[in-house]
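Have a look at the structure below before the remarks.
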Amino acid sequence: MEFAWAPEHEEFRRKIKAAIDRLLPSDWAEKSQYDTSSEYVSKFSRTFCPALAKEGLLIPHWPKELGGGGLDPYHHWVLGEEMIKVGEPRSYQYMNVNWAGPAIIRFGTDEQKQQHISKIVAGTHIWCQGFSEPSAGSDLAAIRTTAERTPNGYVINGSKIWTSGASLADFCFMLARTGTERYGGISVFLVPMKTPGIDVRIIPCLVGERSVHEVFFTNVEVPESARLGDENDGWKVVRAVMHNERVGMPRYALSMRVLDHAVGLLKKKNRFKDAAVRSYAAKTKAALEAARNLMLNIIDDRMKGKAPTATTSVARYALVTGDRWLLGFLNDFMYEEVMSGKDPLINVGYKRTGSTGIGAGSAEIQLNLIARDMLRLPRE
Amino acid sequence: MDFDLTPDQSALQSAIDQLLARHKDYPTNEAVHYFPGDAVERDLEAGGYYDIAREEGMGASEAALLIGAVAQLPWCAEVAGTALVAAKLLPAPVPRPVVLARGKADGPLRFLTKNATVLVDCGDEVRVIDASKHQVEPLKTFFAYPFGAFVEPPDLSKAPVVPGVTGAALRQWWQLGLVAEIEANARVAVDMSVEYLKNRRQFNRPIGSFQALQHRVSECVVLIDGMRALLRRAAWSGDPADAALAATHAQEPLTRIIYDTQQFHGAMGITLEHPLHLWTYRLRVLQGELGGVTAQAMDAASLIWGD
Ligand SMILES: Cc1cc2nc3c(=O)[nH]c(=O)nc-3n(C[C@H](O)[C@H](O)[C@H](O)COP(=O)(O)OP(=O)(O)OC[C@H]3O[C@@H](n4cnc5c(N)ncnc54)[C@H](O)[C@@H]3O)c2cc1C
């Protein structure tokens with residue numbers, strides 16, 4: 001057991017923090033509102049990510065032969081922690097480097113790699129994830145959007161929902177049905193969002209400006225070369241993507257920052273003497289700290305090449321629990337700030353904790369996985 | 001960062017498991033509130049395990065492993081006071097059991113017997129009471145630990161002060177010991193529940209196939225794994241803030257873990273025949289010890305954010 005960061009990880013964190021300090025404008029909090037999904041942040045990401053790339057901070061965890069830094073999973077995690085603390089200035093480009101790029105590298109043809117990877121590595125393009133559909137949320141394999149064969153490729157019909165950043169994105173990494181088999185009838189397509197027949201509607205929501213969208217596909221023609229991997233073999237890609245996405249983001253890093261900020265404000269208002277406030281703050285901190293340690297343990301397993309287990313779900317659920325504590329704390333003791341909506345950090349903390357248990361495998365799905373894969377409880 | 005036990009710690013864990021293997025069984029036909037762990041204590045003494053944290057290259061992490069392993073046994077043995085708290089605070093071993101007390105030491109004290117050494121948190125300082133110089137009476141409770149009390153509350157002003165040791169230091173190691181005990185006891189209660197959920201059938205199926213129960217027991221696992229994560233970090237760092245946070249996180253969900261594990265067992269959970277109570281009625285004690293969760297949380301808040 002050793003819980004201190006290795007010097008190279010600390011050094012890396014310092015480097016990222018310095019880059020963030022240098023690259024974010026002084027009015028970042030006000031302009032960005034720490035909203036990953038905002039138009040401002042997404043636009044900003046198109047200059048921020050190239051700047052990160054120049055400093056070797058965009059794909060430090062990618063293999064060297066692909067232009068990455070060949071750095072270990074802890075480096076990747078530290079990068080995520082520092083980015084989310086400031087509202088994720090990479091906007092949805094974090095998805096490019098976390099899973100979309102790696103999936104293209106793993107399953108793509110040379111042509112696809114040439115077309116997409118150079119753009120991802122340059123930090124100039126934004127991807128969105130077209131998985132969920134109205135009838136396919138937790139039960140992702142229930143997707144109905146179809147891609148039918150044509151002489152030149154495929155024609156896609158159907159709709160996606162909850163697609164983050166769709167109205168800002170250049171490409172969509174999407175799933176469509178190419179066969180009738182539940183798992184064995186799904187393929188992945190890499191589709192430019194400008195393709196005729198794609199219609200995007202922002203869904204007004206309580207989390208972020210452009211957090212969720214509907215995307216409609218009406219006779220969208222794509223060439224065969226838009227398909228990633230073999231036809232009907234998309235579930236394999238999905239599993240690989242999920243594997244990379246499963247731990248999710250180090251959201252606790254932002255939540256802890258928000259908590260500290262709230263405590264600072266309460267001290268200024270002379271309210272931090274109150275025992276109720278103090279003990280609630282500590283309970284919140286403890287829950288977030290537990291989530292942090294459980295998540296870091298997953299990264300440690302990754303470092304050691306261990307296969308992922310249901311401990312990932314344990315960590316995810318711990319994070320949901322920690323964020324629930326934070327939400328309760330803000331509700332109870334930051335009422336005025338929450339109501340006025342003027343403090344960007346309180347605002348983002350308050351909003352984001354509202355969706356921690358939904359995306360990338362809901363809280364209940366995590367509990368199902370713990371019950372089934374860890375506790376080996378019988379199926380209903 | 002490395003979350004796995006070191007090779008030495010793994011070896012220690014195996015040695016402890018081996019030593020304790022013969023104490024896993026207990027007389028199932030006896031309906032008692034707890035089983036006194038004298039035989040366990042004798043084995044630990046003979047093997048030198050009570051001094052584990054005093055040994056070169058070992059410390060709180062190793063003591064925590066020992067405390068956890070013993071707490072998983074059906075027999076009730078005193079470990080945390082001696083192997084962790086006294087080892088951290090006192091230069092040399094003292095007669096055991098080591099009993100931990102706060103304030104006036106005038107209430108029921110866990111493990112208090114006539115030969116005990118009592119360490120008292122007096123705020124700024126720690127005082128030691130040699131129980132053999134006082135009259136001690138055993139208390140009858142329905143909890144799963146032995147309790148005793150001083151017949152006359154000892155005059156603390158006459159009790160020697162432990163030089164250079166603050167009440168805060170006592171609380172830190174006490175908190176850590178508590179987390180190790182809570183985590184292990186809760187884990188047994190949950191493991192036992194999982195087995196019960198698999199075997200008990202109602203409506204023609206194992207009750208563990210009901211999602212309502214699956215989710216609740218899975219939530220218990222998340223809470224307990226969180227305790228372990230914070231325990232290990234706090235034992236490793238020796239930072240009082242880490243210990244206070246870990247203790248906060250350990251005591252906070254106990255109402256729920258105790259309630260749920262008992263609930264999963266139906267009426268069986270309230271009997272003395274079923275062994276579940278050996279662990280849940282320890283947890284009930286541990287939940288309120290050292291002032292309970294609010295006290296730990298207040299400690300944590302001061303250590304992290306100041307006044
Ligand atoms: C902020 C945000 C951003 C998102 N971004 C994207 C994106 O970019 N791309 C994308 O494809 N998707 C995205 N999603 C969608 C997300 O992946 C889905 O919301 C998620 O998979 C859940 O699906 P659902 O919303 O249809 O809920 P449902 O699956 O309908 O679930 C509703 C409720 O039922 C519960 N439930 C479902 N099945 C079970 C079960 N077997 N046992 C117990 N309970 C169950 C769920 O836990 C939940 O509480 C996003 C969601 C959010 C909130």
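By convention in this document, chain letters (A, B, ...) are assigned in the order of the sequence lines, proteins followed by strands, and residues within each chain are numbered from 1.
Without hydrogens or angle criteria, Ser302(B) side chain to Met298(B) main chain gives a donor-acceptor distance under 3.5 Å. No side-chain donor-acceptor contact under 3.5 Å links Glu82(A) to the backbone of Arg13(A). The backbone N or O of Ala290(A) sits nowhere less than 3.5 Å from a side-chain atom of Arg233(B) that would complete a donor-acceptor pair.
Ranked by heavy-atom pairs shorter than 4.5 Å toward chain A, the options Ser209(B), Ala297(B), Pro206(B) are led by Ser209(B). Ranked by non-hydrogen atom pairs under 4.5 Å with chain A, the options Val190(B), Leu223(B), Leu5(B) are led by Leu5(B). Your options are Ala287(A), Ala310(A), Ala363(A), Ser313(A), and the one with the most heavy-atom pairs under 4.5 Å with chain B is Ala287(A). Interface summary for chain B: among Val314(A), Thr311(A), Leu296(A), Asn297(A), the most heavy-atom pairs under 4.5 angstrom belong to Asn297(A). The candidate with the highest count of non-hydrogen atom pairs below 4.5 Å against chain B, out of Ala318(A), Ala275(A), Ala276(A), is Ala275(A). When Val263(A), Asp300(A), Leu294(A) are compared by the number of non-hydrogen pairs under 4.5 Å with chain B, Asp300(A) comes out ahead. Highest contact tally toward chain A, considering only Ala295(B), Ala244(B), Gly306(B), Ala235(B), is held by Gly306(B) [criterion: heavy-atom pairs under 4.5 Å]. Your options are His215(B), Met227(B), Arg216(B), and the one with the most heavy-atom pairs under 4.5 Å with chain A is His215(B).
With a 4.5 Å cut-off on non-hydrogen atoms, Gln366(A) does not touch chain B at all. Of the atoms belonging to Gln296(B), not a single heavy atom falls under 4.5 Å from chain A. For chain B, no part of Met303(A) is nearby; none of its heavy atoms comes within less than 4.5 Å. Heavy atoms of Gln211(B) lying under 4.5 Å from chain A belong to its backbone as well as its side chain. Of the two parts of Ser237(B), neither the backbone nor the side chain holds a non-hydrogen atom closer than 4.5 Å to a non-hydrogen atom of chain A. Using a 4.5 Å cut-off between heavy atoms, Arg376(A) touches chain B through backbone and side chain atoms alike. Contact annotation for Ile298(A): neither backbone nor side-chain heavy atoms come within less than 4.5 Å of a heavy atom of chain B. In this structure, the portions of Phe3(A) lying under 4.5 Å from any heavy atom of chain B include both its backbone and its side chain. In this structure, the portion of Gln9(B) lying under 4.5 Å from any heavy atom of chain A is its side chain and not its backbone. Proximity to chain B (any heavy atom under 4.5 Å) is restricted, for Tyr74(A), to the side chain, taken from C-beta onward. Heavy atoms closer than 4.5 Å to chain B are found nowhere in Leu369(A), neither backbone nor side chain.
Counted by atom type alone, Trp279(B) and Gln72(B) present zero donor-acceptor pairs between their side chains at under 3.5 Å.
A ring-centre distance under 6.0 Å is found for Phe333(A) and Tyr280(A).
From Thr248(B), atom OG1 reaches atom CD of Glu289(A) across 11.5 Å, with rounding to the nearest 0.5 Å. Atom OG of Ser61(B) is separated from atom CG of Leu66(B) by 12.5 Å, given to the nearest 0.5 angstrom.
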- Task: Starting from the C-alpha separation in whole Å, work towards a yes-or-no answer on salt bridge (Lys or Arg N to Asp or Glu O under 4.0 Å) for Glu336(A) and Lys269(A).
- Result: CA-CA 12 Å; Glu336(A) 283 159 30; Lys269(A) 296 209 265 180; 3.7 Å; yes
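Judged by the 6.0 Å distance and 45° axis criteria, Arg278(A) is not positioned over the aromatic ring of Trp305(B).
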